[in-house]
Number of protein chains: 2
Amino acid sequence: MNDTIPNWLMQRAALTPDRTGLETEHQSFTFRELHSEALKRAGALRKLGIKKGDRIAILLKNSAEMAHQIQAVFYCGATAVLLNTRLTAEEWNYQLKDSKAALFICGEEFDKKIPDANIVTPSQMREMAAPLKDPVEEFVLSDTAVLMYTSGTTGKPKGVMQTFGNHYWSAVGSVLNLGLGPEDKWLAAVPLFHISGLSILIRGIIYGMPVQLHGPFNPEAVNHAILHEKVTIVSVVSTMLAALVENGKGRPYPGSFRCMLLGGGPAPKALLEQCRDQQIPVFQTYGMTETSSQFATLSPEYAISKLGSAGKPLFPCRVRIMNENGEEAPVQTPGEIAVKGPNVMKGYWNREDATAAALRNGWLYTGDIGRVDEEGFLYVLDRRSDLIISGGENVYPAEIEAVLTAHPSIADAGVAAKEDKKWGQVPHAFIVASDPMTESDVIRYCAERLAKYKVPGKVTFMEKLPRNASSKLQRNLLKELDN
Amino acid sequence: MNDTIPNWLMQRAALTPDRTGLETEHQSFTFRELHSEALKRAGALRKLGIKKGDRIAILLKNSAEMAHQIQAVFYCGATAVLLNTRLTAEEWNYQLKDSKAALFICGEEFDKKIPDANIVTPSQMREMAAPLKDPVEEFVLSDTAVLMYTSGTTGKPKGVMQTFGNHYWSAVGSVLNLGLGPEDKWLAAVPLFHISGLSILIRGIIYGMPVQLHGPFNPEAVNHAILHEKVTIVSVVSTMLAALVENGKGRPYPGSFRCMLLGGGPAPKALLEQCRDQQIPVFQTYGMTETSSQFATLSPEYAISKLGSAGKPLFPCRVRIMNENGEEAPVQTPGEIAVKGPNVMKGYWNREDATAAALRNGWLYTGDIGRVDEEGFLYVLDRRSDLIISGGENVYPAEIEAVLTAHPSIADAGVAAKEDKKWGQVPHAFIVASDPMTESDVIRYCAERLAKYKVPGKVTFMEKLPRNASSKLQRNLLKELDN
């Protein structure tokens with residue numbers, strides 16, 4: 001079997017050049033135009049010395065410009081490193097260094113206190129724009145298309161290697177589940193630097209379907225698009241869905257709106273029931289950066305009878321629940337969720353140990369706890385005990401703890417999730433101080449070093465943290481202290 | 001990337017067990033039932049000693065039984081060798097021997113004059129049926145799922161190795177082009193032993209879509225299914241389409257009928273125009289056994305403006321026109337059609353030379369002549385000069401010539417296509433006889449050795465055949481003599 005696939009956007013532009021591919025608030029692009037924009041920027045990248053196999057970091061807000069830049073990177077045969085716009089300069093710097101990025105495409109609006117980085121802005125690139133003469137005609141399925149950083153239990157973010165094959169299989173797995181019609185239009189109001197947003201952009205090209213791209217989430221704008229601009233599918237996390245329901249009251253969605261794809265962690269049952277009553281077709285999904293988007297989805301015929309389940313695997317994926325002895329757990333018995341499929345990442349960039357720990361015999365061990373019922377429906381019971389999901393962003397306690405314990409007056413620190421009405425969860429820091437300090441001292445110190453959504457929403461000072469016999473921090477006990 | 005995919009039917013039965021998967025005139029099966037039927041037959045195969053990697057020949061007419069047997073073979077990790085029901089015992093015997101089939105599942109109604117074959121009938125298998133305990137849970141994408149024989153220029157049929165990956169990519173390429181809705185139902189009135197029929201069966205399982213399976217083509221039955229049984233897609237060859245149009249006069253198809261997928265060789269322009277006038281949505285396609293079904297299709301938005309074109313490649317495929325020097329021909333210049341994509345066969349079974357001749361640098365050289373217009377639309381100008389397409393079946397002159405020249409009274413023989421109102425084309429034999437003989441002698445002799453559709457429709461006796469300087473038969477001159 002061939003291990004290549006035609007360059008997605010070039011192929012799409014050749015197949016259906018005149019279809020609309022991308023809409024933003026003020027602009028619209030056909031696939032031919034998207035190709036042309038990518039080709040011009042790829043020419044600029046070449047002038048900047050970019051060659052096949054390089055890594056190029058991108059720090060841009062959701063915009064047509066960002067979509068063009070990602071494609072331009074692919075046209076050069078390079079890998080896109082997508083940086084989260086909410087991080088601090090220090091955090092960006094870590095990912096730039098770790099990925100050994102040859103170039104850093106950085107929006108004008110961002111703080112550029114990045115030492116040693118080879119920075120270029122989109123407007124500088126526009127000045128150099130010229131169509132690339134030899135764009136990559138085929139993508140090798142096993143080549144890394146994107147590096148996306150995620151932290152996990154180690155504290156230090158790791159680059160998830162998502163291949164071209166991963167993205168293709170993911171897009172196809174989704175279409176086999178959700179179907180595809182000539183009227184489909186997918187709205188992305190989630191960040192393109194996250195897999196949730198990037199996967200929409202890629203699906204649009206592979207499906208030949210228009211994507212409507214939004215900037216910061218605005219419930220009225222999304223509802224307007226559903227009600228009046230023929231959007232048929234929207235990807236959301238539960239805080240967004242709650243805001244849409246609140247904003248949309250009294251304005252029922254048209255019958256052509258067929259899918260509210262809900263990801264990014266567990267959703268409150270009350271919200272799901274509210275959606276059911278208002279006939280909003282919510283598809284609960286489960287996935288992560290390491291699986292290149294959703295790998296389980298609750299399909300429409302079970303939306304009511306299995307409310308609260310993440311559904312069944314997508315066609316190319318398998319799911320297993322593993323017990324502590326590494327065996328498959330019986331039906332209805334909770335255990336660690338493991339997943340296998342061609343959408344599962346190649347591994348973590350330059351982290352052989354972490355890769356070996358996560359990928360065993362082709363199975364990705366998610367660290368999340370779940371069970372499968374008699375009919376094969378997956379229920380996600382608990383994210384990794386230490387994972388905090390705040391407004392759809394993953395927050396890893398270990399990362400915050402590492403920052404806290406670096407403070408000269410902090411002897412020990414632990415972080416756990418605190419329930420929060422607006423964000424679902426926020427980090428709660430538990431601190432053993434060696435010198436007198438206040439909650440605001442801690443928060444100010446974190447705000448200088450961590451993205452806003454990682455800064456603790458509450459600080460509790462303690463004499464001693466709960467640790468087990470081998471002195472491992474017991475975050476589950478911290479969590480109980482809080483709730 | 002993982003190189004496996006879950007066993008299709010097992011996965012589908014796990015995902016949507018209660019959906020209808022297969023309908024025949026008298027029966028209907030959910031995916032759960034299809035799984036159960038396959039599992040039982042796989043148990044019988046195991047009792048018969050079948051193991052992973054074996055080849056199992058199947059000679060059955062279109063039926064639920066045949067669909068179950070094919071899946072059962074996959075459940076055992078074996079390869080299905082699908083035999084054309086129209087061949088003679090001698091032809092079946094050749095393919096059984098060439099494929100080294102470990103078992104021959106042969107319908108009760110067929111002539112079993114097959115020496116040395118390990119024959120079993122479906123009713124014998126039913127007596128042994130018992131659910132297999134350890135069915136193959138995953139298919140390896142590069143494993144050969146099916147061997148399908150095709151002749152080509154060499155005379156001797158060659159086994160095309162279609163992998164699980166080939167079929168998956170083909171099914172997915174089709175869905176990205178045609179879309180997929182919850183109401184889709186695909187009718188197969190083409191043989192399951194051909195790629196046209198087999199690919200429908202596989203799509204049904206991968207898409208979770210019901211397939212309505214017909215026996216011998218009956219225009220009234222197909223039109224009834226379109227008009228009253230909610231069939232949305234039908235695969236046809238042009239002789240079938242002409243019969244449907246003739247039979248359906250005055251009964252317009254419902255708006256829900258969305259695709260008449262037309263393959264198996266060129267279609268008369270008058271027929272295409274007739275369909276256009278009657279608003280029958282014809283999608284012309286181009287493909288072959290070696291590409292595991294269609295690889296180019298004329299998409300709906302161009303159905304009228306590009307009438308007569310085979311359209312553009314499916315998303316995962318590339319098409320090139322090559323000139324005689326092995327370079328890509330300019331736009332609008334005729335040359336040999338080459339295709340590349342993950343749906344292209346792994347090669348010919350045990351025919352390294354033939355494989356190397358057909359597959360060069362990942363490109364399959366089809367032997368067909370075509371051109372591509374300025375907008376990238378492919379026009380198939382001529383099938384391999386020697387290929388005869390009779391009622392959708394490929395007929396290879398070399399194979400018939402080999403039979404003819406084996407006759408003691410035939411000194412030389414050549415075969416070319418003769419236009420035929422009913423079948424499109426039929427073989428026309430040109431014979432240099434060394435002893436007195438009649439047309440009916442020749443026809444009777446061929447009928448004993450060749451499938452009916454290969455038996456010459458006309459015989460012309462000649463003094464001498466046209467041969468070039470190196471004494472190569474000039475079939476193009478024979479063809480001109482005829483038309």
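Chain letters run A, B, ... following the sequence lines, proteins first, then strands; residues in each count from 1.
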ask   = Picking from B:Asp184, B:Leu15, B:Val172, which has the most non-hydrogen pairs under 4.5 angstrom with chain A?
value =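 Winner by heavy-atom pair count: B:Leu15.
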task = Using a 4.5 Å cut-off on heavy atoms from C-beta on, say whether the side chain of B:Gln162 contacts that of B:Val160.
result =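 A side-chain contact exists here, since the closest heavy-atom pair is under 4.5 Å.
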ask   = Would A:Arg19 count as a cation-pi partner of A:Phe31, with NZ or CZ less than 6.0 Å from the six-membered ring centre and within 45° of the ring normal?
value =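 Not flagged: A:Arg19 not positioned over aromatic ring of A:Phe31.
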Cationic tip of A:Arg12 above B:Phe315 ring, under 6.0 Å, 45° of axis =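 No, cation not above the ring by the 6.0 Å, 45° rule.
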ask   = Between A:Gly376, A:Gly311, A:Pro313, A:Gly347, which has the largest tally of heavy atom pairs under 4.5 Å with chain B?
value =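 Maximum pair count with chain B is reached by A:Pro313.
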message = Please rank A:Pro6, A:Ala14, A:Gly179, A:Cys317 by heavy-atom pairs under 4.5 Å with chain B and give me the top one.
response =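 Answer, by heavy-atom pair count under 4.5 Å with chain B: A:Pro6.
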task = Select one option (side chain, backbone, both, neither) describing which atoms of B:Tyr168 are under 4.5 Å from chain A's heavy atoms.
result =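 It is the side chain, since no backbone atom gets that close.
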query = At a heavy-atom separation under 4.5 Å, does B:Ile206 approach chain A through its side chain, its backbone, both, or neither?
reply =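 Both backbone and side chain of B:Ile206 come within 4.5 Å of chain A.
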message = Pairing donors with acceptors under 3.5 angstrom, does anything connect the side chains of A:Ser174 and A:Gln294?
response =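 Distance-only check passes for A:Ser174 and A:Gln294.
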key: Contacting moiety of A:Pro182, where chain B heavy atoms sit under 4.5 Å   =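 Answer is neither: A:Pro182 stays 4.5 Å or more from chain B.
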Test item: B:Thr20 side-chain N/O and B:Pro210 main-chain N/O as donor-acceptor pair under 3.5 Å =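 Not confirmed, B:Thr20 side chain does not pair with B:Pro210 backbone.
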